[in-house]
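I have placed the structure first, in the form of structure tokens, so that the comments after it can refer back to it.
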Amino acid sequence: LLMKPLLLLKRTMHFRGEPILEFTLGQMWESGHSELVFDSERLKKGLSDKPCIDSIAPEPGKLQNRVIVVILADGLRSDFLPAYGYQRPTTPFLDSLRNTGQMAVVKNAFSTSTTTLVGMGGLLSSKDWDNFSFVGLNLMKFLKLKGYNTYAFLTGQHRSWYGLTSIYRNDCDFFYESTTKPTVQNFDDLTTLREFQRTRIRDNSFVYIHLLSTHAIGQKHDTFRHYTPDKIGIGTNNREVLINNYDNGILQADYVIREVFS
């Protein structure tokens, strides 16, 4: 009778990163992936950034009540966006910004990788994977040291994915993942959006938002089922269905981004 509640307690505490459990058992999921974080060569590369990190100091008079927001739509391709010539209107909000001159379209943009971990490492540290270190200088750390409040709103469960959150967790004042229970994965951007909407973003802040609407695992809501048929499952290889499902995910991401702006 005691086993189930004790197991639930263990899972809950382990999921939250309780130090003794993590020390004795490793991370709750994908524990082998933490070897990347503690790789000696990567630690050395990070330590080489220390003189630069130590030289960064706050400049209160220069912050000017600024809020900096970086939104990453995981799995989003430029060739499925009207701004880059796609025929379907998949991004009505972003197009409205572009049409009024409020958004710049970068002609050629490149990621360090098609994988989330390496791509995020490049985005936040401006380094390729060979020179990347989890403990090195990155955008979140830099702005934190400059005096900004720092926030992360993440759809999914990042802490177990190859140590992904090690990139910014220690420099994050407010950290949120949509997966908040150890037994239930949540890949719903609307859950993350609700948390964002009820969080007071202070002046002089840096906000990082990670969306999954355009990722294969991201939950897609019926409200955004503009293109049909779009239902996919194991073994689905119908090109029309796959493209419709993807485009509906872009519509959903565009909506979330619009709400963030508002």
Side-chain angles (χ1 to χ4, degrees), residues 59-114 116 119-127 138-144 146-155 168 174 176 189-190 192-215 218 220-221 223-227 243-262:
E59 297 179 90
K62 294 185 178 181
L63 296 183
Q64 302 176 339
N65 296 328
R66 182 177 296 158
V67 176
I68 301 168
V69 182
V70 171
I71 303 172
L72 186 149
D74 201 329
L76 179 60
R77 292 170 52 134
S78 61
D79 55 347
F80 280 74
L81 302 177
Y84 293 92
Y86 194 52
Q87 296 305 307
R88 282 179 168 178
T90 52
T91 54
F93 172 68
L94 291 177
D95 290 341
S96 72
L97 297 182
R98 177 169 60 98
N99 294 335
T100 55
Q102 298 177 76
M103 183 180 78
V105 178
V106 179
K107 184 177 180 180
N108 297 304
F110 301 91
S111 173
T112 52
S113 175
T114 56
T116 300
M120 274 195 62
L123 173 69
L124 292 175
S125 72
S126 295
K127 293 180 180 179
N138 61 57
L139 184 59
M140 180 84 71
K141 185 185 293 292
F142 174 78
L143 292 173
K144 174 69 174 173
K146 278 294 184 183
Y148 283 81
N149 307 291
T150 51
Y151 301 76
F153 297 89
L154 316 169
T155 302
Y168 45 80
F174 180 91
Y176 173 80
D189 283 343
L190 299 192
T192 304
L193 175 61
R194 285 193 292 272
E195 183 66 22
F196 174 82
Q197 290 173 324
R198 59 175 166 250
T199 303
R200 179 177 175 269
I201 306 299
R202 301 167 63 187
D203 290 337
N204 303 322
S205 291
F206 170 63
V207 183
Y208 174 69
I209 301 173
H210 193 110
L211 303 178
L212 288 182
S213 289
T214 50
H215 194 289
K220 296 172 178 61
H221 290 262
T223 305
F224 305 98
R225 291 186 64 208
H226 186 82
Y227 303 107
I243 290 176
N244 287 343
N245 182 274
Y246 186 67
D247 286 351
N248 289 337
I250 299 176
L251 282 167
Q252 181 172 296
D254 184 74
Y255 165 80
V256 173
I257 294 169
R258 186 191 79 186
E259 292 301 297
V260 169
F261 270 63
S262 69

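Small disclaimer: the values here were computed from a predicted structure and weren't measured.
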Evaluate the ring planes of [X] and [Y], with Trp represented by its six-membered ring, and classify them as parallel (under 30°), tilted (30 to 60°) or perpendicular (over 60°).
{"X": "H210", "Y": "Y208", "result": "perpendicular"}
{"X": "Y176", "Y": "F153", "result": "tilted"}
{"X": "F224", "Y": "Y255", "result": "tilted"}

Looking at [X] and [Y], what are the two nearest heavy atoms and their distance?
{"X": "L94", "Y": "D254", "answer": "N-OD1, 3.1 Å"}
{"X": "M140", "Y": "Y151", "answer": "CE-O, 3.9 Å"}
{"X": "P82", "Y": "P89", "answer": "CG-CA, 4.0 Å"}
{"X": "D189", "Y": "S213", "answer": "OD2-OG, 2.5 Å"}
{"X": "I201", "Y": "V207", "answer": "CG2-CG2, 3.9 Å"}
{"X": "V67", "Y": "R202", "answer": "CG2-O, 3.8 Å"}

Exercise for the section: Tell me whether the guanidinium CZ or amine NZ of R88 lies under 6.0 angstrom from the six-membered ring centre of F80 and within 45° of its axis. Expected result: no
Let me confirm one number: the [atom1]-[atom2] distance from [X] to [Y], rounded to the nearest 0.5 Å.
{"X": "Q252", "Y": "L212", "atom1": "CD", "atom2": "CG", "result": "10.5 Å"}
{"X": "L124", "Y": "F142", "atom1": "CG", "atom2": "CZ", "result": "14.0 Å"}
{"X": "K144", "Y": "S205", "atom1": "NZ", "atom2": "OG", "result": "10.0 Å"}
{"X": "S125", "Y": "L123", "atom1": "OG", "atom2": "CG", "result": "8.5 Å"}
{"X": "M120", "Y": "N138", "atom1": "CE", "atom2": "CG", "result": "9.5 Å"}
{"X": "R198", "Y": "L193", "atom1": "CZ", "atom2": "CG", "result": "10.0 Å"}

When you compare the side chain of [Y] with that of [X], does any pair of heavy atoms fall below 4.5 Å?
{"X": "Y84", "Y": "K107", "result": "no"}
{"X": "L72", "Y": "I209", "result": "no"}
{"X": "L143", "Y": "I68", "result": "yes"}
{"X": "F196", "Y": "V260", "result": "yes"}
{"X": "I257", "Y": "F261", "result": "yes"}

Exercise for the section: In sequence, state the C-alpha distance, the side-chain angles, and the governing distance for T116 and D74, and then conclude on side chain to side chain donor-acceptor pair (under 3.5 Å). Expected result: CA-CA 7 Å; T116 300; D74 201 329; 2.9 Å; yes
Exercise for the section: For side chain to side chain donor-acceptor pair (under 3.5 Å), just list the numbers for Y227 and N245, CA-CA rounded to whole Å, side-chain angles, deciding distance to a tenth of an Å, and then say yes or no. Expected result: CA-CA 7 Å; Y227 303 107; N245 182 274; over 6 Å; no
Problem - Any donor-acceptor N/O pair, N204 side chain to Y148 backbone, under 3.5 Å - result: no
Exercise for the section: Check the side chains of T90 and D247 for a donor-acceptor pair under 3.5 angstrom, ignoring hydrogens and angles. Expected result: no
Practice task
Could you go through the side chain to side chain contact (heavy atoms under 4.5 Å, CB included) check for F93 and E259 one step at a time?
Solution key: CA-CA 10 Å; F93 172 68; E259 292 301 297; over 6 Å; no
